[in-house]
2 protein chains.
Amino acid sequence: MTEAVRKAAKAAATPTVTSRAESLAAAELFQLTPADVDLDILPELLGYQLRRAQVRVFNSFLKRLEELDVSPGEFGLLVLIGANPGLNQNALAKAIGSNRSLLVPMLDKLEARGLVVREKSAADRRSHAVVPSRAGQVLIARLKGVVRDHERQVTTPLSEEERQTLLRLLCRLNGQEAE
Amino acid sequence: MTEAVRKAAKAAATPTVTSRAESLAAAELFQLTPADVDLDILPELLGYQLRRAQVRVFNSFLKRLEELDVSPGEFGLLVLIGANPGLNQNALAKAIGSNRSLLVPMLDKLEARGLVVREKSAADRRSHAVVPSRAGQVLIARLKGVVRDHERQVTTPLSEEERQTLLRLLCRLNGQEAE
DNA sequence: TATTGTTATACTCTATAACTATA
DNA sequence: TATAGTTATAGAGTATAACAATA
């Protein structure tokens, strides 16, 4: 295996909740091509179109989130904390596909803003039970509203039926049988 | 605008052909969640499912490419060079959404492998016309075969009709009216 | 001895700016 | 003066390993 390939594989295998779009961060495969170059087979590839769509949706999502001064990574983390109050940092890190050490500065920031609280766990005094504060709960509710609105906004090129079809096909592709 | 948000926005706006899946890089929003945590509204979001699908497709794509010792970034670059022989490095960099300086080491590697050639342009002796070598053309042809095969492989959960529907909806979402 | 949260370190990727050679 | 290719430097993001406290 090549160096570059190994690295890209690793990055893709454990993408994180923070940073650079698909990045892709790490390892971004396909690109929005502005020029009048011949893209050959690229436009026919699912991966190419998936990447374009993801970048597009991500960017507009980013703009909407700015209103509330929340990064996409923070959004995901907040939603998870809101839906699963009391998880310890380790579990939370795994849930967002990250690890303990990366979660620390994220929580530091959210805690400094008074959105979440690290409670000393009585059961296991090594761990912290992470819970949303009152203000955090309010923000999470607002975030959900914003994101639902964004969902409608970003899918304007599609009819409601098409939007649902797209979502259903993606779920199937992702191995999540709809029901 | 927040620091993190600005950075993520920038990264997302100019993702590159190399590395980190979308990573993704840059700023990966949604995550594959293994645990039994409540994902709340996440699974209903197009961005979440798009990201999952992209990571999934990217990873299997990566494995297929390993056979030929080519990274995803190199794949995109090779296809573009094959379809647009003679472009200079600047144009090529823009085409993959990157910049001149990042393209240099990529071309160095491909040239060292004898896959592409930097020809001195007679018209403008500052620039290089990048063209595929004979071996490069052969590899590109093989790559296209691999990628077409991968396309079928990765879409096995879908019928052929569904695959085309998905591609069509993605194109529409991307603002590329099918015809 | 193992695990939680934390910190420190290294490594990768990317962006920016400087350098040269041509124009 | 501006542009093409190149190189060097710095920055952000991430992974890994080490640390203290607790189990």
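Proteins get letters first, then strands, A, B, ... in listed order; numbering begins at 1 in each. From a predicted model like this one, the values you see are computed outputs, not experimental measurements.
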What does A:S101 touch in the nucleic acid at a heavy-atom separation under 4.0 angstrom: a base, only the sugar-phosphate, or nothing?
-> base
Integer-rounded Å distance: D:dA20 P and A:Q89 CD | 19 Å
Checking all strands, does A:R100 fall into the base, sugar-phosphate, or nothing category for heavy-atom contacts under 4.0 angstrom?
-> base
What is the distance, rounded to the nearest whole Å, between atom CG of B:D124 and atom C1' of D:dG5?
-> 11 Å
Rounded to the nearest 0.5 Å, how far apart are NZ of A:K144 and CZ of A:R148?
-> 7.0 Å
Whole-Å distance between D:dA21 P and A:H128 NE2?
-> 13 Å
For the side chain of B:R126 and the base of D:dT3, is some donor closer than 3.5 Å to an acceptor across the two?
-> yes
Looking at A:K63 and A:E66, does any basic side-chain N land under 4.0 Å from a carboxylate oxygen?
-> no
Is there side-chain contact between B:Q89 and B:R100, with heavy atoms separated by less than 4.5 Å?
-> no
Answer with base, sugar-phosphate or nothing: what part of the nucleic acid does A:N99 contact at a heavy-atom distance below 4.0 Å?
-> base
Rounded to whole angstrom units, what separation is found between the CD1 atom of B:I96 and the P atom of C:dC13?
-> 14 Å
What's the CG-C1' distance between B:D108 and D:dT7, to the nearest Å?
-> 11 Å
Would you say the side chains of A:Q137 and A:R134 form a donor-acceptor pair under 3.5 Å?
-> yes
Quickly work out the B:N88 CG to C:dA23 C1' distance and round it to whole Å.
-> 14 Å
Value in whole Å for how far the P atom of D:dA4 lies from CG of B:L102 = 16 Å
Picking from D:dA23, C:dG5, D:dG5, which would you name as closest to the side chain of A:R125?
-> D:dA23
